[in-house]
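Each remark here refers to the structure printed beneath this line.
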Amino acid sequence: MKILKTLNVKTPARGTSVAAGIDFFVPEDTQEFRDAFYEKNPNIALNNDGITLYPHQRVNIPSGIKAEVPHGYALIAYNKSGVSLKYGLDIGASVVDEDYKGVIHLSLVNTSELPVRIEFGQKIIQFLLIPVLYDGVEEVNSEEELFTRESERGEGGFGSTGTK
């Protein structure tokens with residue numbers, strides 16, 4: 001996947017040669033980053049170390065990365081397990097379609113009860129490059145037209161297959 005840096009930021013990379021996720025980083029503190037950040041987050045203050053995110057507050061961080069997502073794929077954001085467990089930061093918006101040409105943004109929510117500091121240069125989100133099937137959506141008029149295969153489960157929802 002080809003990328004272009006629009007801000008001073010570390011190049012996205014896998015943590016190991018067989019890691020599923022491509023790690024994205026918070027850009028460095030520059031005036032260009034601050035301008036892009038405040039455009040998306042006018043009510044969140046930056047300090048010299050990074051971003052302070054208060055409980056249940058969400059942030060939209062411009063990654064400083066544009067990517068040419070390969071045809072037939074999407075970039076899907078996932079939590080970094082350590083970031084989510086240690087800080088209580090979870091992914092907000094998560095899909096980058098192959099036809100998106102803008103700067104990728106890193107959407108996070110502080111789900112904890114404490115303020116969290118996100119540092120400049122910090123590894124914060126991972127993206128998986130996932131194949132997409134572009135099957136169309138077809139509306140039908142009956143369940144007979146909708147369900148053409150047998151099912152053991154039927155309409156059973158949460159917990160219907162048991163817990164053991």
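Basis for what follows: all heavy atoms, side chains included, without hydrogens, waters or symmetry-related copies.
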Run the side-chain contact (heavy atoms from CB on, under 4.5 Å) test on Leu106 and Phe127 for me, step by step, so that the C-alpha distance in whole Å, both residues' side-chain angles and the decisive distance to 0.1 Å come before the verdict. CA-CA 10 Å; Leu106 312 176; Phe127 281 91; 3.7 Å; yes
Measure up the Phe33 and Phe120 rings against each other and bin them: parallel (under 30°), tilted (30 to 60°), perpendicular (over 60°). perpendicular
How many angstroms lie between atom CG of Asp90 and atom CZ of Arg58, to the nearest 0.5 angstrom? 10.5 Å
ILVMFWY cluster, Leu129 and Ile124 together (side-chain gap under 4.5 Å): yes
Under 3.5 Å, is there a donor-acceptor pair between the side chain of Gln126 and the main chain of Asn79? yes
State plainly whether one hydrophobic cluster holds both Val109 and Val116, where clusters connect Ile, Leu, Val, Met, Phe, Trp and Tyr through side-chain heavy atoms under 4.5 angstrom apart. no
Side chains of Lys5 and Thr11 in contact at under 4.5 Å (non-hydrogen atoms): yes
With a 4.5 Å cut-off on side-chain heavy-atom distances among I, L, V, M, F, W and Y, is there a chain of contacts connecting Ile3 to Val96? yes
Taking the side chain as C-beta and beyond, is there a heavy-atom pair between Phe37 and Pro62 under 4.5 Å? yes
Heavy-atom closest contact (Ala19 atom, Arg14 atom, distance): O-NH1, 3.0 Å
Are any non-hydrogen side-chain atoms of Tyr87 and Ile118 less than 4.5 angstrom apart? no
Give, for atom CD of Glu98 and atom OH of Tyr134, the distance between the pair rounded to the nearest 0.5 Å. 3.5 Å
I need the single residue from Ile61, Thr6, Leu75 that forms a side-chain contact (heavy atoms from CB on, under 4.5 Å) with Ile104. Which is it? Leu75
Is it true that the side chains of Ser107 and Asn60 contain a donor and an acceptor less than 3.5 Å apart? no
Supply the atom-to-atom distance Asn110 CG to His56 NE2, rounded to the nearest 0.5 angstrom. 7.5 Å
Minimum-distance pair of heavy atoms, taken over all atoms of Glu28 and Gly121: OE2-CA, 3.5 Å
Below 4.5 Å, heavy atoms only, C-beta onward: do Ser63 and Val103 meet side chain to side chain? yes
Check whether Glu145 reaches the backbone of Asn141 with its side chain - one donor and one acceptor, N or O, closer than 3.5 Å. yes
Please check if atom OH in Tyr54 has more than 12 non-hydrogen atoms from other residues, nucleotides or ligands closer than 6.0 Å. no
Where do Ala20 and Leu128 come nearest, in terms of heavy atoms and distance? O-CG, 3.8 Å
Just how far is it from atom CG of Leu7 to atom OG1 of Thr30, taken to the nearest 0.5 Å? 5.5 Å
Which atoms form the tightest heavy-atom contact between His105 and Lys40, and what is the distance? NE2-CE, 3.6 Å
Value for CG (Asp49) from CD1 (Ile51), rounded to nearest 0.5 Å, stands at 11.5 Å
In terms of heavy-atom contacts, does NZ of Lys2 have more than 12 from other residues, nucleotides or ligands at under 6.0 Å? no
Could you tell me whether Glu138 atom CD has more than 12 heavy atoms of other residues or ligands within 6.0 Å of it? no
Close side-chain approach of Leu108 and Ile91, heavy atoms under 4.5 Å: yes
Over all heavy atoms of both residues, which pair between Gln57 and Thr52 is shortest? Give the atoms and the distance, please. OE1-O, 4.0 Å
Side-chain contact, heavy-atom cut-off 4.5 Å: Arg34 with Asp29? yes
Atom pair CG (Leu85) and OG (Ser112), whose distance is rounded to the nearest 0.5 Å: 12.5 Å
Counting only heavy atoms not in Tyr100 (residues, nucleotides, ligands), do more than 12 fall under 6.0 Å from its OH? yes
Just wondering, are more than 12 heavy atoms of other shown residues or ligands nearer than 6.0 Å to CD in Gln31? yes
Hydrophobic cluster membership, with links at side-chain heavy-atom distances under 4.5 Å among I/L/V/M/F/W/Y: are Ile44 and Leu46 in one? yes
Can you tell if the side chain of Phe24 reaches within under 4.5 Å of the side chain of Ile22, non-hydrogen atoms only? yes
Closest contact, heavy atoms only, Pro27 versus Val9: CA-CG2, 3.7 Å
Using the rule that Ile, Leu, Val, Met, Phe, Trp and Tyr join whenever any side-chain heavy atoms are under 4.5 Å apart, tell me whether Val95 and Tyr78 fall into a single cluster. yes
